[in-house]
Amino acid sequence: DTGVSQNPRHKITKRGQNVTFRCDPISEHNRLYWYRQTLGQGPEFLTYFQNEAQLEKSRLLSDRFSAERPKGSFSTLEIQRTEQGDSAMYLCASSSAWESQETQYFGPGTRLLVL
Amino acid sequence: AQKITQTQPGMFVQEKEAVTLDCTYDTSDQSYGLFWYKQPSSGEMIFLIYQGSYDEQNATEGRYSLNFQKARKSANLVISASQLGDSAMYFCAMREAYNNAGNMLTFGGGTRLMVKP
C-alpha cells in the first residue's frame with residue numbers, strides 16, 4: 001500500500017507565472033485535502049474533496065487558486081499569476097470516510113518558491 | 001481565539017528520557033478528534049496518535065501516549081524513551097463536528113523537539 005505522493009517536490013517560479021501541483025492519494029481513500037504551510041507555522045486548510053466533489057473551500061483560497069479532482073482519484077492544485085506571498089509548502093492529505101477515526105495521511109508536500 | 005495552542009516553541013530532551021509536549025484546544029463541539037503529527041526536516045507530516053472526544057481511555061501507540069484531560073481541554077503528547085530520530089516539529093491538530101464541511105484539521109503552531117545525545 002503506497003502512501004500519498006505529490007509532484008513536483010520543489011518548484012521555483014517567477015512572479016506572475018502559473019503553477020500546477022499534483023497529488024495522488026492512497027488508492028482506497030475517497031477524501032482528499034489540500035493544506036498550505038508557511039515557514040514556522042502549522043498547516044492551514046485550503047480545500048477538501050469527497051470523491052470528485054469539492055465540498056469545502058477556505059477563504060484563504062483566493063480566485064487565483066483552483067483545485068480539481070476530476071475522477072475522484074488524483075487531484076491538482078493550480079495557482080495562477082503567482083505572487084511572492086504564495087511561497088509555501090503545499091501539503092496534500094487523504095482519508096477514508098469508512099475509517100472510524102478518519103485519520104488524514106499526508107504526502108511529502110510541494111515546496112513553492114516565487115521569485 | 002486560537003483553536004489549538006502549543007505553548008512550547010522549542011524543547012530539549014536528553015536521549016532515553018521522557019518528554020511531554022503540551023496542547024490545549026478550544027471547541028464548543030461535543031464530538032471532536034485530536035491528532036498528533038510529527039514533521040521531520042524533510043517536510044512530510046507523519047501521523048502519530050489519535051484521541052476521540054468520547055474515548056474514555058488515553059490513547060497509546062508504542063512510545064507515544066496522549067494525556068487527555070477533557071475538562072481542561074488539553075491533549076498532551078508524551079514520548080517515552082526519547083531517541084535521536086524523534087528530533088522534529090510536532091503538531092497537535094483537531095477535527096471538529098463531523099459533517100461535510102467539518103472534516104478539515106486545525107493545527108497548532110507546533111513544538112520543535114530536539115533530542116540531545
Side-chain angles (χ1 to χ4, degrees), chain A residues 2-6 8-11 21 23 26 29-51 53-61 88-113, chain B residues 2-10 21 23-25 31-55 57 59 61 64 66 68 75 88-112:
Chain A
T2 59
V4 179
S5 61
Q6 292 186 247
R9 294 290 307 277
H10 302 273
K11 179 73 177 177
F21 309 142
C23 170
I26 293 171
H29 284 181
N30 58 339
R31 290 178 168 162
L32 186 147
Y33 309 79
W34 286 98
Y35 292 83
R36 181 171 69 187
Q37 185 180 22
T38 53
L39 207 59
Q41 304 294 321
E44 293 177 295
F45 170 77
L46 291 179
T47 191
Y48 151 61
F49 290 85
Q50 178 158 306
N51 301 314
Q54 188 174 19
L55 294 184
E56 182 72 7
K57 290 195 291 187
S58 163
R59 66 183 186 282
L60 293 175
L61 213 64
M89 172 82 94
Y90 290 85
L91 292 162
C92 175
S94 70
S95 68
S96 169
W98 315 119
E99 181 196 294
S100 59
Q101 67 189 45
E102 207 196 320
T103 299
Q104 292 184 25
Y105 295 92
F106 284 79
T110 294
R111 203 178 290 272
L112 173 67
L113 177 61
Chain B
Q2 293 278 353
K3 288 209 169 187
I4 298 285
T5 303
Q6 295 181 251
T7 57
Q8 307 150 312
L21 307 183
C23 172
T24 58
Y25 59 92
S31 176
Y32 52 89
L34 297 159
F35 299 80
W36 276 91
Y37 287 86
K38 172 184 178 181
Q39 188 176 43
S41 54
S42 58
E44 185 172 354
M45 299 285 284
I46 301 167
F47 166 69
L48 296 177
I49 196 166
Y50 166 82
Q51 180 83 42
S53 59
Y54 293 121
D55 294 342
Q57 302 284 337
E61 288 285 349
Y64 305 108
L66 206 151
F68 181 48
M89 285 291 291
Y90 288 80
F91 290 96
C92 179
M94 176 172 63
R95 183 189 62 228
E96 297 177 277
Y98 197 87
N99 56 48
N100 281 345
N103 292 297
M104 58 177 265
L105 292 176
T106 302
F107 285 84
T111 295
R112 180 173 297 281

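Lettering follows sequence order; numbering is per chain, from 1.
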Mind checking ring-ring contact (aromatic ring centres under 6.0 Å, His included) for A/F49 and listing every partner two or more places apart, or none if nothing turns up?
none

Side chain to side chain donor-acceptor pair (under 3.5 Å) contacts touching residues 39-49 of chain B (sequence neighbours left out):
A/Q37-B/Q39

Using every non-hydrogen atom in the two residues, find where A/Y35 and B/L105 come nearest and quote the distance to one decimal.
OH-N, 2.9 Å

CZ/B/R95 to OG1/A/T103 distance, rounded to the nearest 0.5 angstrom?
7.5 Å

Based on non-hydrogen pairs under 4.5 Å, which of A/A53, A/P43, A/P108 is most in contact with chain B?
A/P43

Between the CE atom in B/M104 and the CD atom in A/E44, the distance rounded to the nearest 0.5 Å is 9.5 Å

Distance, nearest 0.5 Å, that separates CD of A/Q101 from CZ of B/F47
5.0 Å

A/Q104 and B/Y37: which non-hydrogen atoms are nearest, and at how many Å?
O-OH, 2.6 Å

